[in-house]
Amino acid sequence: MLAVQIHQSSQLDEILKVIVSESRKILESDRVVSYRFLTDSDGVIQEESVSCECSVSPQNISVAELKAFERLQTPIWIYDIQNLQMWWANKASLYIWNAQSREELLQRDSDISEATRIRLQNYLHQFEQGKTVAENWTFYPEGKPVSVRCMCSGVYIEDGRLAMLVEGTTQLTDDINQETKQQLAEEELRWQEALLLSMTDTSLLAFFVVDNRTDEILYFNHRFCQIWEIEHLEARMRSGELKNNDIIPDCAALIADVPKFAESCKPLQSEDNRCTIEDEILFIDGRTIRRFSSQIRDERDKYFGRLYIFEDISERKQLEKTLLLTDYSFECIGISGTWIDRNAKILRVNEAACRLLGYSRTELESMYVYELDPDFPQQAWTSHWQELKEQKCMTFISQHRTKDGRLIPVEVTLNYVEFDGEEYNFAFARDISEQQAAMVKRIEAETALRESEERYRSVILAMAEGIVLQQADGHITACNQSAERILGLTAEQMMGLCSIDPQWRAIHADGSPFSGETHPALVTLQTGQPQYNIVMGVYKPDGSLTWISINSQPLFQPDELTPYAVVTSFTDITVQKQAGQALQQQAQRERMIYAIAQHIRQSLDLDKILNTTVAEVREFLQSDRVIIYRFNPDWSGVVVTESVAQGWPSLLNQEITDSYFVETKGQIYQQGTIKVTSNIYTAGFAPYHVKLLEQMQVKAKLVVPILQGDNLWGLLVAHHCSAPHEWLPWESKLLQQLATQLAIAIQQSELYHQLQTANQELQNLAMVDQLTGIANRRCFDNKLICLWPQLLQEENYVSLLLCDIDYFKQYNDTYGHAAGDDCLRLVAQAFQQTVKHATDLAARYGGEEFVVILSNTDIEGAALVAQEIHQAIQKLNILHTASAIENRVTLSIGIATVIPTSELVPLDLVEAADQALYQAKAQGRNRSFFREC
């Protein structure tokens, strides 16, 4: 049988292969080789047959073995699969690798395909199992094909890495026969196909190939099913069960505009249509998918189908939108914005910068900073840039030179920015001409005040009555000798004291303590009203009691409503007081009642405010205890105010020290954090903290910080003692609003007397909208807050009109922002002319919204004013072709009217008016709508 097979073949390779294969089977051996002697006494393995079960565990390669391999004339090399690099090769292998030396071969970069890398990894797994691999490889030394029979096995090299030992046997024929070429071509084709599948299966692109002639799906990857959300059809698609038209309904359900998509697909169905398209498809879920489509034809122009590639570009679209929005924001900010490079070159400016300096955008973007700002000469720019780089952000006062040569003062804020390896300066500049003028005026006023005080002192020194001068902060700055005699104190002892200083021991006519906050001087400073014939008993340092009658007179700067100082005069009425003590006591009680009433109405009695607050909060929240906890300088604290339900222990005046507060200095609350605890046992508190709460019988708590600016004054705390309690969001919000009001009241009480006279003028500037010249949002808020308690006491109406210019964005888009600003000014003037009562207020609420407060006005009166506003706007007849309702500017007005009660707050009125405005817009705009509060 073996002889028959030998005679049937004419090729030596085939004959040797049959001999070694059949011999191994007959002998039942593990390996049979055909060894050929060469002319130089060396030899090569011409053919080999190895049993599949013949596996030898990889061995460590030795130096002796490498030396032996070097002497052989057959090519042998070792390839490091892990690092994809040649590790060793003998001289006989250099020829087939086209290498001049071993060093050149070992230093070559391995540029292999993905398919080859996968195949090498498969070899590695076989080597780990002790298997060998025998294959025919083709090399091209000097451009000629050489077939090499390669026996591959695993060996361990340095660091214990498993590498591939290849023992090659060069075929005797110079050319590869046609069958071998075909096998190599088929193998290469399989590798290319594996590589292509690997690339498409791992790609973020979706591939889909369809034969439009038969509607058959020729190829698709998993990403295609992900994008079109048809993973549930993937198995049936791969089995050929589904065709292209079968998956279209599932895919079409995702498309926002199906008719448009269907129309774009029609030209792609024909085999004759060779066009290539690239477009975008919008999905109903907001995604944007880029589509690329092209025919697939071979080199002979044979049609195979159409290729579709889909890519989800939603994130890219969103980034583009964000970039446009950022650029638009830079242009729309109301202050000058400039991008500057490290060489002081101006790279970009916004429209506000052009308006401020009078240059065009092109002119500014061709200039340098030192051409505009004389405070930054060219020679000093390098040191300035280094300073900015270190500080990152700087704010200072400088001056800019406009195109017409004027120098204007500006407040400049610089921001150091590093981007893409480059350094930039993002600068803002704000014109502060008005603020500087106000500052000069204030300095002049202070100078005049000092001169006036000198004259005043010379007068009061000679008077028989005691005279004391107190500044706006309540501190004594001057007194005469009569005041020293009556009070038993020297001038040095009185200087710097205040009427609420604990050194003063004063009583009312009935013997009760005379609160420092109700001292006539402080009342006058707070109200601006003079006080007359206020009787007070003052204990002198020697313990004797002197009765005095006090008058206080405010001192005003021109055109100001708040006194900058108060002059208090008093006479010794001890003798008269002793003669009519009974009558005086009665009068004093009446004055005390009046003073307390005034105090409560004017929110100047801090204790009263705190007590009222905790009582009302506890009643409103139906909690068991509400306290106000004030921090000491060492971050311990004391309960200064409390309202507690019957049956629960009082914490009033208790000093409570929480070590957490002391260690962290209250940092968590200094950030304005609200702590909501529904159950102290599930909140994760430390054991010592739970024990502290148990001592106070607390089961749940709501804690809101009371902040004065950046400083933490104390905490407003609500306790539930009977059981855990789930706090609702509105409860936290209510407590936060009350804490804000408390902070304002505390600040008024503690810092009111430290305000300077010039602040009133700055306050007035802050109350005016700079664009329209009418009251702004802050003025409106203050007006409504001040008016509310007055109407609450009077039980009278207050109405609110919230107005919005219809389609104002379209107006800006049509006529430009400059025209939009002019429109806002005209509308504001119409409001000013329509709202005529001194107690009413028209203000710009924000953007294109305006608001009108009508005190003592019911719904009929408010409706009449709204009608007059509509008429005034109509008379303006401002052209608005972009409006959807009329060709002129119109208003929508929301009206709300209420008689204030203790259950309502001003925000309720504002929200009612806002809801009414919404209804007016919903009903067609250019109308008014009333909503009950």
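A quick note: this is a predicted structure, and the numbers were derived from the prediction, not measured. Below, each value reflects all heavy atoms present in this structure, side chains not excepted, and no hydrogens, waters or symmetry copies.
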| message | Please check this pair: side chain of T524 against backbone of Q529, looking for a donor-acceptor N/O pair closer than 3.5 Å. | response | yes

| said: Please tell me whether F556 and Y564 form a close aromatic pair, meaning their ring centres lie under 6.0 Å apart. | reply: no

| task | Would you indicate whether Q810, at its atom CD, is surrounded by more than 12 heavy atoms from other residues, nucleotides or ligands within a distance under 6.0 Å? | result | yes

| message | Any donor-acceptor pair under 3.5 Å linking the side-chain atoms of N611 with those of T641? | response | no

| field | Pairs flagged by ring-ring contact (aromatic ring centres under 6.0 Å, His included) wherever residues 857-916 is involved - sequence neighbours left out | value | Y811-H880

| note | Taken to the nearest 0.5 Å, the spacing of D914 CG from R931 CZ works out to 10.0 Å

| said: As an exercise, state the distance from SG of C803 to CG of L801, rounded to the nearest 0.5 Å. | reply: 5.0 Å

| field | Shortest non-hydrogen separation from N812 to G820 and the atoms involved | value | OD1-CA, 3.2 Å

| task | Give a yes or no on whether the backbone of T362 and the side-chain of E365 come within a donor-acceptor separation of less than 3.5 Å. | result | no

| message | Walk me through whether T395 and T413 qualify under side chain to side chain donor-acceptor pair (under 3.5 Å). | response | CA-CA 4 Å; T395 300; T413 298; 3.3 Å; yes

| Please walk me through it: do V704 and S732 pass side-chain contact (heavy atoms from CB on, under 4.5 Å)? | CA-CA 8 Å; V704 177; S732 301; over 6 Å; no

| request: Answer yes or no: is there a side-chain heavy-atom contact under 4.5 Å between L800 and L854? | output: no

| message | Which label fits F831 and F850: parallel for a plane angle under 30°, tilted from 30 to 60°, or perpendicular past 60°? | response | parallel

| Side chains of T857 and S799, donor plus acceptor under 3.5 Å | no

| request: Report yes if some heavy atom in the side chain of I346 is under 4.5 Å from a heavy atom in the side chain of T338; otherwise report no. | output: yes

| Could you give all pairs that pass the ring-ring contact (aromatic ring centres under 6.0 Å, His included) test and reach residues 883-917, with sequence neighbours left out? | none

| remark: Between Y845 and V910, the two heavy atoms sitting closest are OH-CG1, 3.5 Å

| Taking only residues two or more places apart in sequence, or in another chain, which ones meet L707 in a side chain to side chain contact (heavy atoms under 4.5 Å, CB included)? | P705, L712

| request: Kindly state each residue pair satisfying ring-ring contact (aromatic ring centres under 6.0 Å, His included) with at least one member in residues 908-933, sequence neighbours excluded. | output: none

| said: S314 vs R287, test: side chain to side chain donor-acceptor pair (under 3.5 Å). Steps then yes/no. | reply: CA-CA 5 Å; S314 305; R287 287 183 292 158; 5.6 Å; no

| Is the count of non-hydrogen atoms from other residues, nucleotides or ligands lying under 6.0 Å from Y328 atom OH greater than 12? | no

| For V798 and V898, what are the C-alpha separation, side-chain angles and deciding distance, and is it a side-chain contact (heavy atoms from CB on, under 4.5 Å)? | CA-CA 6 Å; V798 60; V898 71; 3.9 Å; yes

| request: Mind running side-chain contact (heavy atoms from CB on, under 4.5 Å) on L787 and I853 for me, showing each step along the way? | output: CA-CA 9 Å; L787 185 63; I853 302 176; 3.7 Å; yes

| task | Verify, without hydrogens or angle tests, whether T673 (side chain) and I668 (backbone) share a donor-acceptor contact under 3.5 angstrom. | result | yes

| task | Tell me yes or no: between the side chains of N926 and E886, is some donor less than 3.5 Å from an acceptor? | result | yes

| query | Are any of the side-chain heavy atoms of T562 and E560 separated by less than 4.5 Å? | reply | no

| Distance-only, no hydrogens or angles: does the T402 side chain make a donor-acceptor pair with backbone N or O of R406 under 3.5 Å? | yes

| query | How long is the span from the CD1 atom in I869 to the OG atom in S928, to the nearest 0.5 Å? | reply | 8.0 Å

| Hey, which of R778, R777, K783 is the one that makes salt bridge (charged side-chain N to carboxylate O under 4.0 Å, His left out) with D781? | R777

| Between V852 and V835, what is the shortest heavy-atom contact and its length? | CG1-CG2, 3.6 Å

| message | Could you check whether atom OH of Y815 has more than 12 heavy atoms from other residues, nucleotides or ligands sitting under 6.0 Å from it? | response | yes

| field | Beyond-backbone contact of R361 with E351, side-chain heavy atoms, under 4.5 angstrom | value | yes

| How long is the gap from CG on L372 to CG on L357, to the nearest 0.5 Å? | 6.0 Å

| query | Do any N or O atoms from the side chain of D908 and from the backbone of V905 form a donor-acceptor pair under 3.5 angstrom? | reply | yes

| task | Check step by step if side-chain contact (heavy atoms from CB on, under 4.5 Å) holds for R430 and Q435. | result | CA-CA 11 Å; R430 182 170 59 89; Q435 291 88 330; 3.0 Å; yes

| said: To the closest 0.5 Å, what do you measure between CD (Q622) and NE2 (H725)? | reply: 10.0 Å

| query | Does Q874 have any side chain to side chain contact (heavy atoms under 4.5 Å, CB included) partners at least two apart in sequence or in another chain, and if so, which? | reply | R888

| message | Any heavy-atom pair between the side chains of N856 and L791 that's under 4.5 Å? | response | yes

| request: May I ask you to decide if F330's main-chain N or O and N350's side chain share a donor-acceptor pair within less than 3.5 Å? | output: yes

| said: Measuring only between side-chain heavy atoms, which start at C-beta, is I397 closer than 4.5 Å to Q436? | reply: yes

| query | Does the side chain of D806 come under 3.5 Å of the side chain of T890 through a donor N or O and an acceptor N or O? | reply | yes

| note | Separation between CD1 (I878) and SG (C823), nearest 0.5 Å, reads 4.0 Å

| Minimal non-hydrogen separation, R844 against T772, with atom names | CD-CG2, 4.1 Å

| field | A830 backbone acceptor or donor facing T834 side chain under 3.5 Å | value | yes

| said: If we ignore hydrogens and angles and just use 3.5 Å, is the side chain of R925 paired with the main-chain N or O of I885 as donor and acceptor? | reply: no

| said: Tell me whether N425 contacts the main-chain N or O of W339 through its side chain, where contact means a donor paired with an acceptor under 3.5 Å. | reply: no

| message | If we ignore hydrogens and angles and just use 3.5 Å, is the side chain of Q770 paired with the main-chain N or O of V768 as donor and acceptor? | response | yes

| said: Does this structure show an ion pair linking E848 with K809, if we count only N-O contacts that are shorter than 4.0 Å? | reply: no

| said: Just so I know, are the side chains of L917 and I893 near enough to count as touching, which here means a heavy-atom distance under 4.5 Å? | reply: no

| task | Under the side chain to side chain donor-acceptor pair (under 3.5 Å) rule, what do D373 and S398 come out as? Steps first, then yes or no, please. | result | CA-CA 8 Å; D373 195 325; S398 186; 2.8 Å; yes

| request: Determine the minimum heavy-atom distance between G528 and P554, stating which atoms define it. | output: O-CG, 3.5 Å

| message | E726: which residues meet the side-chain hydrogen bond (donor to acceptor under 3.5 Å, both in side chains) condition with it, sequence neighbours left out? | response | S678

| message | Ignoring hydrogens, what is the shortest heavy-atom contact between L841 and F780? Give both atom names and the distance. | response | CD2-CA, 3.8 Å

| Is any side-chain heavy atom of K836 less than 4.5 Å from a side-chain heavy atom of D840? | no

| field | Neighbour count above 12 (heavy atom, 6.0 Å) for K260 NZ | value | no

